[in-house]
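First comes the structure, then the notes that go with it.
Excluded from the calculations below are hydrogen atoms, water molecules and symmetry mates; all remaining heavy atoms, backbone and side chain alike, are included. Order of the sequence lines fixes the chain letters, A, B, ..., with proteins taken first and strands second; residue numbering starts at 1 for each chain. None of these values were measured; they are calculated from a predicted model.
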There are 2 protein chains.
Amino acid sequence: MAATIKDIAKLAGVSTATVSRVLAHKTAFFSAATAQKVQAAAATLGYQKNTAAAELVTRQSHVIAAVVNSTKTNFASQIIEGIQAEAHRHDLNVIILYAGDADAEQQRRALMTVIERPVMGILLLSVDLAAENLTLLQQSQLPYCFLSISFDGERLPYITSDDWQVGYLATQALLDQGHRRIGLAGVDSDFHTGRLRVLGYTQALKNAGITAAPDWIQLGNYSYAAGQTAMRAYGAKTSLTAVVGASDMAAIGVMNQARDLGLAVPTDLSIIAIDGTELCSLVQPSLTSVSQNFYEMGIAGVQQLRAKEALPQKITPIQLVNRQSVRRLNGDRK
Amino acid sequence: MAATIKDIAKLAGVSTATVSRVLAHKTAFFSAATAQKVQAAAATLGYQKNTAAAELVTRQSHVIAAVVNSTKTNFASQIIEGIQAEAHRHDLNVIILYAGDADAEQQRRALMTVIERPVMGILLLSVDLAAENLTLLQQSQLPYCFLSISFDGERLPYITSDDWQVGYLATQALLDQGHRRIGLAGVDSDFHTGRLRVLGYTQALKNAGITAAPDWIQLGNYSYAAGQTAMRAYGAKTSLTAVVGASDMAAIGVMNQARDLGLAVPTDLSIIAIDGTELCSLVQPSLTSVSQNFYEMGIAGVQQLRAKEALPQKITPIQLVNRQSVRRLNGDRK
DNA sequence: CTGTTAGCGCATTCAC
DNA sequence: GTGAATGCGCTAACAG
């Protein structure tokens, strides 16, 4: 049986109120002498505070919950590091919940386990919540914010990159290297994020006087498999000279499939990835990418939770990182 | 202010005890009629149970805490999926804590946030705990079990692969393909896990009548960088024909560095990885590996926590998965 | 079947 | 400075 403040009160010969005070460092509410006794007693009893009980009475928690989907793309860890860094700065703790991959039931479990106990707020990393679970989240009254995902109609708080810019920048980078026939692979069109990227991509092409053929855009769920499928659809004799992978994983799928099709990267086909996680530097050739600032998203998420009033949607910066998967096309006319 | 059972008791015109009973589905302790009223009241109030309060009185929790280190290698997600699967099967919830990378302070934070509140047990995924934190863990009285890590002297509960076999099997696989000059890259010698792998490796060579030269074994921390460093140490003109990467990441580091050195894989150098995560199939050529059963570890971990008495250390199976990074050597004499 | 009582471990009035 | 008393939201006897 774990020791309680009652035990240490008895051992130290003081009241539980006093014990509570010294343990909470409510300075100026106790003498040095009693502090000594209490500390000593606590130590010998191996006392561990029951924070749950404390939170019950104070009605406030110091833990932030981060709900992540176990998606195949892996930027979550960068966001989490940002969250941890900022949280610790304010003496907050963070717990992480896995919500499965578009699995409503798992989402519900994850949400319930945090809603049912005291947390100061919930961060949802790239999880696209089922409608019923969104309701659950909202009626919990807890502060929350979505990270690395955006919404169109609904007015939900989120922090992410400017996905239109992401699509635009990736495409423009390819155009700048002389490419004119550019594919977009593995992007989702069911959600705002994907739609924006498509729009940015299309606009960049349009600005260059190019109209994307319908089959240039291969939809998918950002996964490795989606990238492979897209490349298979393009085929070995594709007229494309470059493709934008909707995520790092998708880009790798495209690249490996291209190789299986007999196309060398970047000699025969240039590839640019979106996300810019460490995966880009692991593969050969390393992938040029439009990199998102995931760490920053984590930090901003915590700040959002701490802020009294809900900020409007916030945008984190992106940047082009040149690596080896894009080749300058000769004979370009730009 | 969130609704409590008191509110719903008043609204339904019953006592809080009754409310508690129907909400806990203590069937046969209430009539259908009252159940209706209570359910209705709960619904209209948007009631959310405060599990923390409930756990305070029942003195038992239904959540398992998984502490992971944010190491560069990424098998954690597989273990976590195993944990979740088994946990949900028994109506347990799981929360995940990041403990940083060999950062004692972060470890302490992670441990404290779970020790200070009710959890039914703690699983530590490949985290090598600082001594003071191990003390913390032990005096918490909570059941715990280490996963994917083993110990020598101390009698700590753990579940992992047979690391001696891992080293042996990887090396033997290479020997079977005719290799005789085989390196081991990125392995740690400070901990039990690494030492066992080295022993298995050495024994396999010995059985083949081979003595490893000192520089065949390049120590490291299983990271990508460790793999690179090891390969740089071997050099472009190495006499080795194959190397065992101590982890997937280390193997990839070896492979990429080999390429930079002008060595083709597997033509000039064969590589086998230890771990067998999805990374192995992402890179080109894909990496042959000795794969661990991480999912199984997660399941076994939960079972261990649920078991009354601490089981002895448990071993999960491993298997050789052939991919493309190992080449059969001509002129072998086996 | 249901209400009353008590108490989980802790923080916080309010007196002294 | 310190103690006694109260209650956070909930469950568990114990009566009826």
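The distance between atom CG of L23(A) and atom C1' of dC10(C), rounded to the nearest whole Å, is 11 Å. Distance CD (Q60(B)) to C1' (dC8(C)): 13 Å, rounded to an integer number of Å. Distance NZ (K6(A)) to C1' (dG3(D)): 15 Å, rounded to an integer number of Å. If you take CZ of R59(B) and P of dA6(C), they are 18 Å apart, rounded to a whole angstrom. Residue D7(A) contributes atom CG, which lies 8 Å from atom P of dG9(C) at whole-angstrom precision. Between the CD1 atom of I8(A) and the C1' atom of dA11(C) there is a distance of 14 Å, rounded to whole Å. In this structure, I5(B) atom CD1 and dC8(C) atom P are separated by 17 Å, rounded to whole Å. Separating the CD1 atom of I115(A) from the C1' atom of dG9(D) is a distance of 18 Å, rounded to the nearest angstrom.
Side-chain nitrogen and oxygen atoms of T4(A) include none within less than 4.0 Å of the OP1 or OP2 phosphate oxygen of dG9(C).
E105(B) pairs by the salt bridge (Lys or Arg N to Asp or Glu O under 4.0 Å) definition with R108(B), not counting sequence neighbours. In terms of the ring pair (Phe, Tyr, Trp, His ring centres under 6.0 Å) criterion, F29(B) has no residue partners (sequence neighbours excluded). Shown here are the ring pair (Phe, Tyr, Trp, His ring centres under 6.0 Å) partners of Y98(B), two or more places apart in sequence or in another chain: there are none. Residues satisfying the ring pair (Phe, Tyr, Trp, His ring centres under 6.0 Å) test with F191(B), not counting sequence neighbours, are none. D91(B) pairs by the salt bridge (Lys or Arg N to Asp or Glu O under 4.0 Å) definition with R109(A), not counting sequence neighbours.
Put simply, the residue from I96(B), I299(B), L125(B) that forms a side-chain contact (heavy atoms from CB on, under 4.5 Å) with I83(B) is L125(B).
If you check every strand for non-hydrogen atoms under 4.0 Å, V14(B) touches sugar and phosphate atoms only.
Taken residue by residue, residues 39-58 of chain B places heavy atoms nearer than 4.0 Å to DNA chain C at L56(B), V57(B). For the segment residues 25-38 of chain A, residues with any heavy atom less than 4.0 angstrom from an atom of DNA chain C are, sorted by number, K26(A).
With a 6.0 Å radius and a threshold of 12 heavy atoms from other residues, nucleotides or ligands, R89(B) has its CZ atom above the threshold.
Listed by first then second residue, pairs satisfying side-chain hydrogen bond (donor to acceptor under 3.5 Å, both in side chains) with a partner in residues 40-54 of chain B read E116(A)-T51(B), not counting sequence neighbours. Within the structure, no pair that satisfies the salt bridge (charged side-chain N to carboxylate O under 4.0 Å, His left out) test touches residues 10-22 of chain A, not counting sequence neighbours. Sequence neighbours left out, the pairs with a member in residues 117-129 of chain A that pass salt bridge (charged side-chain N to carboxylate O under 4.0 Å, His left out) are R117(A)-E55(B).
In terms of position on DNA chain D, the residue among T18(A) and T16(B) whose nearest nucleotide sits closer to the 5' end is T18(A).
A side-chain donor-acceptor contact under 3.5 Å links Q292(A) and S161(A). Between the side chains of S223(B) and N221(B), at least one donor-acceptor pair of N or O atoms lies under 3.5 Å.
Rounded to 10°, the helix from dC1(C)-dG16(D) to dC16(C)-dG1(D) has 40° between the axis fitted to its first five pairs and the one fitted to its last five.
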Can you name the atoms? Protein N/O to nucleotides 13-16 of chain D N/O, anything below 3.5 Å, with the distance.
unit_1, atom_1, unit_2, atom_2, d
dA13(D), N6, R21(B), NH2, 3.0

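The backbone N or O of L111(A) lies less than 3.5 Å from no partner atom in the side chain of N133(A), so there is not a single donor-acceptor pair.
With rounding to the nearest 0.5 Å, the separation of CG in L134(B) from CD in Q139(B) is 10.5 Å.
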